[in-house]
Amino acid sequence: MSKIILYHGSDKILSNPLYGAGKTYNDYGQGFYCTQNIELAKEWACPTFDDGFANCYELEDKGLSFLDLQSEQFCTLHWLALLISNRRFDMDTPIMRQGAFYLKNNFLPDISGYDLIKGYRADDSYFSFAQAFLSNQISYFQLQNAMKLGKLGEQIVLKSQKAFNQLEFKNYEIAEGKKYYNLRLARMEKAKAEYKNSLKDSDITGLFIRDMILGDIKNDDPRLR
């Protein structure tokens with residue numbers, strides 16, 4: 001038996017998170033989104049200058065099924081397929097619509113049987129990187145590099161009633177809005193600046209979404225690893 005310490009950034013103290021109460025249009029669908037990094041939780045708690053709260057929990061993970069989207073069996077396209085399926089994208093060009101259809105048909109993981117999911121958090125910067133890839137503006141290699149910029153963070157999402165039953169509220173810390181809003185903004189701006197700098201050298205021979213669609217590239221293609 002092991003226990004995981006998790007933090008949830010919010011404008012409220014959440015001593016009793018409720019299963020089924022989260023937003024539907026979130027990265028991995030409805031669930032309770034947490035991080036193992038208290039500083040990130042404080043940033044996520046402060047989307048404005050108002051103070052927020054980093055709620056702390058202890059999760060007993062015995063018997064819980066766990067999907068790690070950053071394990072070797074998955075690639076960035078699996079994360080993106082999930083994001084497309086759950087978040088609202090403006091698919092205003094034919095290539096974006098075809099790309100979304102292709103990704104959902106070839107890379108969408110079945111997450112229905114899992115209690116926990118771990119993966120990237122789609123902050124504004126990550127979301128813009130994903131849109132650029134779907135628009136055929138950047139290659140798959142450039143997208144992979146962009147995901148590592150700014151250390152925008154990973155999240156662990158509780159998806160089942162069983163997981164909620166094994167979650168225990170411990171305490172909370174106040175996140176000072178003036179401090180953590182600026183830290184959050186600086187982190188995202190750093191990622192965007194590094195992203196723009198990384199695009200100075202074009203990836204002419206790289207794999208773009210159009211190439212993947214036309215080549216009907218699947219998950220077993222070595223170029224995706």
Side-chain angles (χ1 to χ4, degrees), residues 1-47 52-71 73-89 100 103-104 107-127 129-131 147 151-173 175 180 184 187-188:
M1 182 187 305
S2 62
K3 296 186 177 181
I4 305 172
I5 300 299
L6 297 174
Y7 302 95
H8 175 81
S10 176
D11 60 350
K12 303 179 181 67
I13 299 171
L14 297 173
S15 58
N16 186 33
L18 298 175
Y19 174 69
K23 296 178 181 177
T24 303
Y25 295 106
N26 221 324
D27 295 359
Y28 309 134
Q30 196 171 53
F32 190 57
Y33 287 72
C34 300
T35 174
Q36 293 179 281
N37 186 322
I38 189 172
E39 291 297 299
L40 278 176
K42 289 182 177 181
E43 288 183 24
W44 298 344
C46 299
F53 302 92
N55 296 277
C56 178
Y57 307 89
E58 190 174 75
L59 176 69
E60 183 182 302
D61 65 1
K62 181 181 180 181
L64 297 181
S65 55
F66 184 71
L67 176 67
D68 185 354
L69 290 170
Q70 292 169 289
S71 62
Q73 69 186 102
F74 297 108
C75 67
T76 307
L77 298 182
H78 293 99
W79 168 82
L80 185 51
L82 273 172
L83 198 66
I84 292 168
S85 298
N86 292 299
R87 292 282 294 271
R88 291 177 175 176
F89 274 76
L103 289 176
K104 287 192 286 187
F107 292 92
L108 183 62
D110 180 7
I111 63 174
S112 59
Y114 291 94
D115 301 304
L116 304 170
I117 299 175
K118 179 181 179 181
Y120 292 117
R121 174 184 168 94
D123 280 325
D124 290 347
S125 295
Y126 278 8
F127 202 73
F129 302 155
Q131 286 181 308
M147 302 304 293
K151 297 181 180 179
L152 291 172
E154 301 169 354
Q155 56 192 355
I156 293 178
V157 187
L158 281 69
K159 294 287 291 181
S160 69
Q161 181 68 69
K162 184 179 179 181
F164 275 75
N165 291 343
Q166 294 179 204
L167 187 71
E168 180 184 358
F169 177 74
K170 304 302 289 186
N171 51 52
Y172 69 88
E173 289 188 20
Y180 285 97
R184 174 185 178 134
R187 185 187 296 272
M188 289 192 290

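Nothing fancy with the numbering, it's 1 onward along the sequence. Note that the coordinates shown come from a computational prediction; the quantities given were computed from them, not determined experimentally. All values below come from the heavy atoms of this structure, side chains included, with hydrogens, waters and symmetry mates left out.
A ring-centre distance under 6.0 Å is found for Phe32 and His8.
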**Request:** Go through the steps to decide whether Ser112 and Asp110 satisfy the test side-chain hydrogen bond (donor to acceptor under 3.5 Å, both in side chains), and finish with yes or no.
**Result:** CA-CA 6 Å; Ser112 59; Asp110 180 7; 2.7 Å; yes
**Asked** Can you list the steps and then say if Gln30 with Asn26 is a side-chain hydrogen bond (donor to acceptor under 3.5 Å, both in side chains)?
**Response** CA-CA 6 Å; Gln30 196 171 53; Asn26 221 324; over 6 Å; no
**Item:** From CA spacing to verdict: side chain to side chain contact (heavy atoms under 4.5 Å, CB included), Leu83, Phe127
**Value:** CA-CA 9 Å; Leu83 198 66; Phe127 202 73; 4.2 Å; yes
**Request:** Could you walk me through whether Leu82 and Asp27 pass side chain to side chain contact (heavy atoms under 4.5 Å, CB included), step by step?
**Result:** CA-CA 7 Å; Leu82 273 172; Asp27 295 359; over 6 Å; no
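Side-chain contact between Thr35 and Leu6 is absent, with no heavy atoms from C-beta onward closer than 4.5 Å. For the pair Tyr57/Leu14, a side-chain contact is recorded, criterion being any heavy-atom separation below 4.5 Å from C-beta on. Side-chain contact check for Glu173 versus Cys56: every heavy-atom pair is 4.5 Å or farther apart.
Listed for the Glu60 side chain is no donor-acceptor partner under 3.5 Å among the backbone atoms of Gln166. Checking side-chain atoms of Lys162 against main-chain N and O of Gly63 turns up a donor-acceptor pair under 3.5 Å. Of the possible donor and acceptor atoms, none in the side chain of Lys42 sits under 3.5 Å from a partner among the backbone N and O of Phe53. Ser65 places a side-chain N or O within 3.5 Å of a backbone atom of Gly113 that can act as its donor or acceptor partner. Judged by distance alone, the side chain of Gln155 and the main-chain N or O of Tyr120 form a donor-acceptor pair under 3.5 Å. Checked by atom type and distance alone, the side chain of Glu58 never pairs as donor or acceptor with a backbone atom of Lys3 at under 3.5 Å. Remark: side-chain polar atoms of Tyr28 are not paired, donor with acceptor, to backbone N or O of Ile156 under 3.5 angstrom. The backbone N or O of Tyr172 lies less than 3.5 Å from no partner atom in the side chain of Asn55, so there is not a single donor-acceptor pair.
Of all heavy-atom pairs between Ala81 and Leu103, the closest is CB-O, 3.6 Å. Counting all heavy atoms, side chain and backbone alike, Cys46 lies closest to Tyr180 at SG-CB, 3.9 Å. Closest heavy-atom contact between Leu116 and Ala163: CD2-CB, 4.1 Å. Closest of all the heavy-atom pairs between Ser10 and Ala45 is N-CB, 3.4 Å.
From Ser85, atom OG reaches atom CG of Leu80 across 9.5 Å, with rounding to the nearest 0.5 Å. Summarising the geometry, atom CG belonging to Leu158 is positioned 16.0 Å from atom OH belonging to Tyr114; distances are rounded to the nearest 0.5 Å. In this structure, CZ on Phe107 lies 10.5 Å from OG1 on Thr76, to the nearest 0.5 angstrom. Put simply, CG on Leu69 and CG on Leu67 are 4.5 Å apart, with the number rounded to the nearest 0.5 Å. With rounding to the nearest 0.5 angstrom, the CZ atom of Phe164 is 10.5 Å from the CG atom of Leu59. Rounded to the nearest 0.5 angstrom, Ile111 CD1 and Asn86 CG are separated by 6.0 Å.
By the 6.0 Å contact criterion, CD on Gln131 is enclosed, its count of non-hydrogen atoms from other residues, nucleotides or ligands being greater than 12.
With Glu43 as reference, Arg187 is the one residue of Arg184, Arg121, Arg187 to meet the salt bridge (charged side-chain N to carboxylate O under 4.0 Å, His left out) rule.
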